[in-house]
Amino acid sequence: MTGSSALIASEPRRDNRDDATPPVQQYLTFVVGTETFALGILRIKEIIEYGQPTAVPMMPASVRGVINLRGAVVPVVDLSSRFFARRSEITRKSCIVILEVDGQHGTQVIGLVVDAVNEVLEIPSTDIEPPPSFGARVRSEFIAGMARLGQRFVIVLDPARVLAVDELAQLAADIPHDETRQ
């Protein structure tokens, strides 16, 4: 098989047994605080071990700083701070999920501090409910949907809204490159 298998694995897929089967997408699930969240894997570039970001003055509280990822300046957002107004406690399971998000000024690479990565799950589109209008601990505009996994729900995030991509892109553009050297 040639390179086409990579395309099949990353796109929503259908089970060949029945044309009525809903499309299935893959999601990375991870924990922030006591909540489990999910992001579509098509945007995720890699997961790296947590390394102390370089602090940059005048950043919003949810931005831990920046890292140098193969020569690129990557802002690192602490999701616990963004969602719950408290910084993540860094443990041996903490990591940074690197993803690409589209904004008005093109694609931006951003790192997300998460408490632990769980697994990649295949979730049929029929198992994703619309975001709740109330009751979630996370602002509803950050939520793309609620994935039903058995008797529990996982919050599927809308990365463009969670990360305010255009604001972060501007912040990253304003950072002198020599500030990221460690």
Side-chain angles (χ1 to χ4, degrees), residues 6-13 22-51 53 60 62-67 69 72 74-88 90-91 93-132 136-150 152-169 171-172:
L7 290 174
I8 293 169
S10 64
E11 294 176 354
R13 64 183 181 84
V24 174
Q25 289 187 312
Q26 294 182 321
Y27 294 87
L28 175 71
T29 59
F30 55 89
V31 176
V32 176
T34 59
E35 300 285 336
T36 302
F37 297 94
L39 280 170
I41 64 165
L42 295 178
R43 295 284 180 197
I44 297 173
K45 291 182 62 164
E46 62 186 295
I47 300 166
I48 61 174
E49 184 176 331
Y50 182 84
S62 61
V63 178
R64 284 234 174 185
V66 296
I67 59 172
L69 186 65
V74 177
V76 176
V77 175
D78 185 334
L79 286 183
S80 182
S81 180
R82 181 86 167 130
F83 294 158
F84 311 121
R86 63 179 179 271
R87 288 176 72 102
S88 289
I90 303 303
T91 68
K93 291 184 178 183
S94 298
C95 55
I96 299 174
V97 177
I98 305 294
L99 66 148
E100 290 181 332
V101 183
D102 294 327
Q104 289 179 341
H105 304 290
T107 301
Q108 175 69 35
V109 177
I110 299 172
L112 303 177
V113 176
V114 301
D115 295 334
V117 169
N118 288 347
E119 61 187 326
V120 173
L121 296 175
E122 292 184 343
I123 304 173
S125 61
T126 55
D127 286 349
I128 299 180
E129 303 288 330
R137 293 181 58 203
V138 176
R139 291 183 8 207
S140 61
E141 66 263 20
F142 293 166
I143 302 173
M146 302 294 290
R148 189 176 40 244
L149 300 177
R152 66 186 179 99
F153 283 96
V154 172
I155 300 169
V156 179
L157 297 173
D158 179 338
R161 290 192 174 174
V162 167
L163 301 171
V165 176
D166 292 324
E167 292 172 26
L168 289 174
L171 290 172

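The analysis underlying the following values was restricted to heavy atoms, covering all of them including side chains, and did not include hydrogens, waters or symmetry mates.
- Of the residues Val114, Leu157, Thr29, the one that meets the side-chain contact (heavy atoms from CB on, under 4.5 Å) test with Leu39 is Leu157.
- Here the CD1 atom belonging to Ile96 is positioned 4.5 Å from the CD1 atom belonging to Ile67, to the nearest 0.5 angstrom.
- Not counting sequence neighbours, the partners of Glu46 by the side chain to side chain donor-acceptor pair (under 3.5 Å) test are Arg70.
- Considering only heavy atoms from C-beta on, Ile90 comes within 4.5 Å of Val113 through its side chain.
- Partners of Lys45 by salt bridge (Lys or Arg N to Asp or Glu O under 4.0 Å), not counting sequence neighbours, listed by chain and number: Glu100.
- Nearest heavy-atom pair across Ser80 and Ser88 is CB-OG, 3.2 Å.
- Using a 4.5 Å heavy-atom cutoff, the side chains of Gln108 and Pro75 are in contact.
- When all heavy atoms of Leu99 and Val101 are compared, the closest pair comes out as CD1-CG2, 3.5 Å.
- With sequence neighbours left out, Phe37 forms a ring-ring contact (aromatic ring centres under 6.0 Å, His included) with Phe83.
- Rounding to the nearest 0.5 Å gives a distance of 4.0 Å between CD1 of Ile98 and CD1 of Ile48.
- Taking the side chain as every heavy atom from C-beta outward, Val32 and Leu112 never approach each other to under 4.5 Å.
- Between Phe142 and Arg161, the shortest heavy-atom contact is CE2-O, 3.5 Å.
- Residues that satisfy the salt bridge (Lys or Arg N to Asp or Glu O under 4.0 Å) test with Arg87, not counting sequence neighbours, are absent from this structure.
- Of all the heavy atoms in Asp115 and Gly33, the pair that sits closest is OD2-N, 2.6 Å.
- In this structure Asp127 satisfies the salt bridge (Lys or Arg N to Asp or Glu O under 4.0 Å) test together with Arg148, sequence neighbours excluded.
- Partner of Pro53 under the side-chain contact (heavy atoms from CB on, under 4.5 Å) criterion, out of Val74, Val76, Val77: Val76 alone.
- Across Ile47 and Cys95, no two heavy atoms sit closer than the pair CG2-SG, 3.8 Å.
- Among all heavy-atom pairs drawn from Gln26 and Val120, the shortest one is CB-CG1, 3.9 Å.
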Carefully, step by step, assess Thr36 and Arg152 under the rule side chain to side chain contact (heavy atoms under 4.5 Å, CB included).
CA-CA 10 Å; Thr36 302; Arg152 66 186 179 99; 4.3 Å; yes

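- Remark: Arg43 engages Asp102 in a side chain to side chain donor-acceptor pair (under 3.5 Å) (not counting sequence neighbours).
- In this structure the side chain of Val156 never reaches within 4.5 angstrom of the side chain of Met146, judged on heavy atoms.
- Rounded to the nearest 0.5 angstrom, Leu79 CG and Phe84 CZ are separated by 9.0 Å.
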